Amino acid sequence: MLLYWLGKVPELPEVETIKTELLPWITGQRFTRLTLLDRKLLRWPSAEELQQIVGQRVESLERRGKYLIFHLSSGRSLIMHLRMTGALLLNPEGINRYARAVFHFSNGAHLVFSDRRRLGVIWMVEDAGVIIGKLGIEPLASSFTPGILAKLLKEHRIPLKAALIDQNIIAGIGNMYADEILFAARIHPLRMTDTLSVEEVQRLYHSIRNVLSSAINSKGASVDTYIRPEGQLGRAQFDFRVAHRRSQPCPVCQTPVQRIVVRNRGTYFCPGCQPYN
DNA sequence: CTTGGGACCTGGCTGC
DNA sequence: TGCAGCCAGGTCCCAA
């Protein structure tokens, strides 16, 4: 079972889907063996200390932003971040060339952390807050309201695109979903955070919720639990409408999707649906 | 406070 | 065909 695909960068919906898929296999199981194939994967502690994970039970799994957290019976937390190209494979048949760590469980399952670009990282810490403590609000939590969003936007004076991908403001939105959210909200990515009307904040709020939750309902953009022999993706994919679709007609107004660079990030939008004013 | 750049990485693409 | 160089974009960190 492939819990993430190499083609797209995992954001909130993908990590949420991974958590959901892993849940029934991993919770309540003990780690029986850990093979660390690439020491660069591990941020903390030492490889030797990480071996203390053997014998510990997974009490629960949590997603926070783009982080996946294994709460352990010792009270510690194993935290994973897939970054750009990380993938988790549950019970793969062989071992692929990008495998960086293999976790074995007491029910016989094994989980492979695979990562083409080697940017992904894991930690095992006493206090997860050290790693995830600065993250902003969870956009799908009930505590996230239009009023909270309005307040967060007023606190900054930056392009909206930059605000959406800032993990310390809202946690979990990356480059691609930010573009989809702004398209759904019909707001230009360069609009400044402190200039939105009340109605625009409302649209933005509902777009954040709708885009992320419908992506989760589609099991993320790239998570595929049923790899076919040819390696194709299944059908459970979120349908991107502007992200990475330069020059293709906008699905709403047929205007060609435009690409600009915001904060060194490729940014796609429809000039027809998302005018600056 | 904000912006910009580099670092970390490697595969895929472009252009010569 | 081969190869150099750029691009992808999550996070951290430093400088202005």
Side-chain angles (χ1 to χ4, degrees), chain A residues 2-18 36-44 63-69 79-88 96-101 113-123 125 128-136 138-139 151-182 189-195 212 215 220-223 231 238 240 242-248 257-269:
Chain A
L2 175 65
L3 290 169
Y4 182 61
W5 174 56
L6 299 171
K8 293 280 192 295
V9 174
E11 304 183 23
L12 185 155
E14 288 72 35
V15 181
E16 179 67 21
T17 303
I18 290 170
L36 187 64
L37 300 164
D38 177 5
R39 285 189 166 234
K40 283 189 76 69
L41 174 66
L42 178 63
R43 244 338 133 68
W44 183 266
R63 178 197 56 77
R64 179 78 172 91
K66 303 169 192 170
Y67 294 79
L68 184 62
I69 305 161
I79 305 179
M80 299 184 176
H81 196 303
L82 300 174
R83 293 280 177 88
M84 308 287 288
T85 52
L88 291 173
N96 73 72
R97 59 183 287 206
Y98 303 117
R100 306 182 65 197
F113 192 121
S114 181
D115 189 359
R116 204 173 54 194
R117 280 174 63 180
R118 302 176 67 210
L119 292 169
V121 280
I122 68 173
W123 304 258
V125 292
V130 172
I131 307 299
I132 60 169
K134 287 187 176 173
L135 287 178
E138 279 292 323
K151 177 171 169 291
L152 290 172
L153 295 176
K154 278 278 189 289
E155 287 172 1
H156 299 271
R157 191 189 187 84
I158 55 178
L160 205 42
K161 171 67 183 280
L164 286 178
I165 63 177
D166 186 332
Q167 301 303 300
N168 297 331
I169 301 176
I170 301 173
I173 300 171
N175 200 45
M176 295 181 52
Y177 283 106
D179 286 352
E180 292 301 308
I181 287 164
L182 289 170
L190 288 176
R191 282 287 301 283
M192 298 300 272
T193 46
D194 59 345
T195 67
L212 295 179
S222 43
V223 177
F238 181 76
F240 285 94
V242 289
H244 287 202
R245 295 175 61 88
R246 170 159 42 174
S247 301
Q248 296 183 46
V257 169
Q258 192 176 338
R259 180 187 186 271
I260 59 175
V261 174
V262 181
R263 286 282 225 284
N264 263 343
R265 298 250 157 59
T267 297
Y268 299 83
F269 72 104

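Lettering follows sequence order; numbering is per chain, from 1. Since we're looking at a predicted model, the values are computed, not measured. Scope of the values below: all heavy atoms of this structure, side chains included, with no hydrogens, waters or symmetry mates.
At least one donor-acceptor pair closer than 3.5 Å links the side chain of Arg63(A) to the backbone N or O of Gly65(A).
Remark: His156(A) is not in phosphate contact with dC1(B), judged by side-chain N or O atoms under 4.0 Å from OP1 or OP2. Contact annotation: Tyr98(A) reaches the phosphate of dG11(B) (side-chain N/O to OP1 or OP2, under 4.0 Å). Within the structure, every side-chain polar atom (N or O) of Gln167(A) is placed at least 4.0 Å from both OP1 and OP2 of dG10(C). Between Arg263(A) and dT11(C), a side-chain N or O to OP1/OP2 separation shorter than 4.0 Å is absent.
To the nearest angstrom, P of dG9(C) lies 17 Å from CG of Asp166(A). Leu119(A) places its CG atom 15 Å from the C1' atom of dC13(C), with the value rounded to the nearest Å. Between the CH2 atom of Trp44(A) and the P atom of dT11(C) there is a distance of 22 Å, given to the nearest Å. Straight-line distance from the NZ atom of Lys66(A) to the C1' atom of dG10(C): 6 Å, rounded to whole Å. Note: CZ (Arg83(A)) to P (dG9(C)) measures 16 Å, nearest angstrom. Taking atom CG of residue Leu68(A) and atom P of nucleotide dT11(C), one finds them 14 Å apart after rounding to whole Å. Rounded to an integer number of Å, the gap from NE2 of His81(A) to C1' of dT11(C) is 7 Å. In this structure, Arg64(A) places its CZ atom 17 Å from P of dG10(C), rounding to the nearest Å.
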*Please report the C-alpha distance between Met192(A) and Leu160(A) in whole Å, then the side-chain angles of each, then the deciding distance to 0.1 Å, and finally whether the side-chain contact (heavy atoms from CB on, under 4.5 Å) criterion is met.*
CA-CA 6 Å; Met192(A) 298 300 272; Leu160(A) 205 42; over 6 Å; no
*Kindly determine whether Leu41(A) and Phe113(A) satisfy side-chain contact (heavy atoms from CB on, under 4.5 Å), including the steps that lead there.*
CA-CA 9 Å; Leu41(A) 174 66; Phe113(A) 192 121; 3.7 Å; yes
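Note on Arg64(A) versus Glu138(A): salt bridge recorded, some NZ/NE/NH1/NH2 to OD/OE distance being below 4.0 Å. No salt bridge links Lys154(A) with Asp194(A); every basic N to acidic carboxylate O contact stays at or beyond 4.0 Å. The residues Asp179(A) and Lys161(A) are annotated as salt-bridged, a charged nitrogen and a carboxylate oxygen being separated by less than 4.0 angstrom.
Taking the six-membered ring where tryptophan is involved, the planes of Trp123(A) and Tyr67(A) are tilted, since the angle between them lies from 30° to 60°.
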*Under a 3.5 Å cutoff on both atom distances, Watson-Crick or G-U, what's the dot-bracket for DNA chain C ([ ] crossing, | other strand)?*
.|||||||.|||||||
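Ile158(A) comes within 4.0 angstrom of the backbone, heavy atoms only, and of no base. Gly120(A) comes within contact range of no nucleotide atom at all, as no heavy-atom separation falls under 4.0 Å. At the heavy-atom level, Arg43(A) lies nowhere under 4.0 Å from the strands shown.
Nucleotides dG12(B) and dT11(C) place their P atoms 23 Å apart, quoted to the nearest Å.
Remark on DNA chain C: of its neighbouring residues Trp123(A) and Tyr268(A), the 5'-side contact belongs to Tyr268(A), judged by nearest-heavy-atom nucleotide.
The base of dA8(C) lies outside donor-acceptor range of the side chain of Arg265(A), with no N or O pair under 3.5 Å.
Of the candidates dT3(B), dG11(B), dG9(C), the closest approach to any side-chain atom of Arg117(A) belongs to dG9(C).
There is no side-chain donor-acceptor pair under 3.5 Å between Gln248(A) and Tyr268(A).
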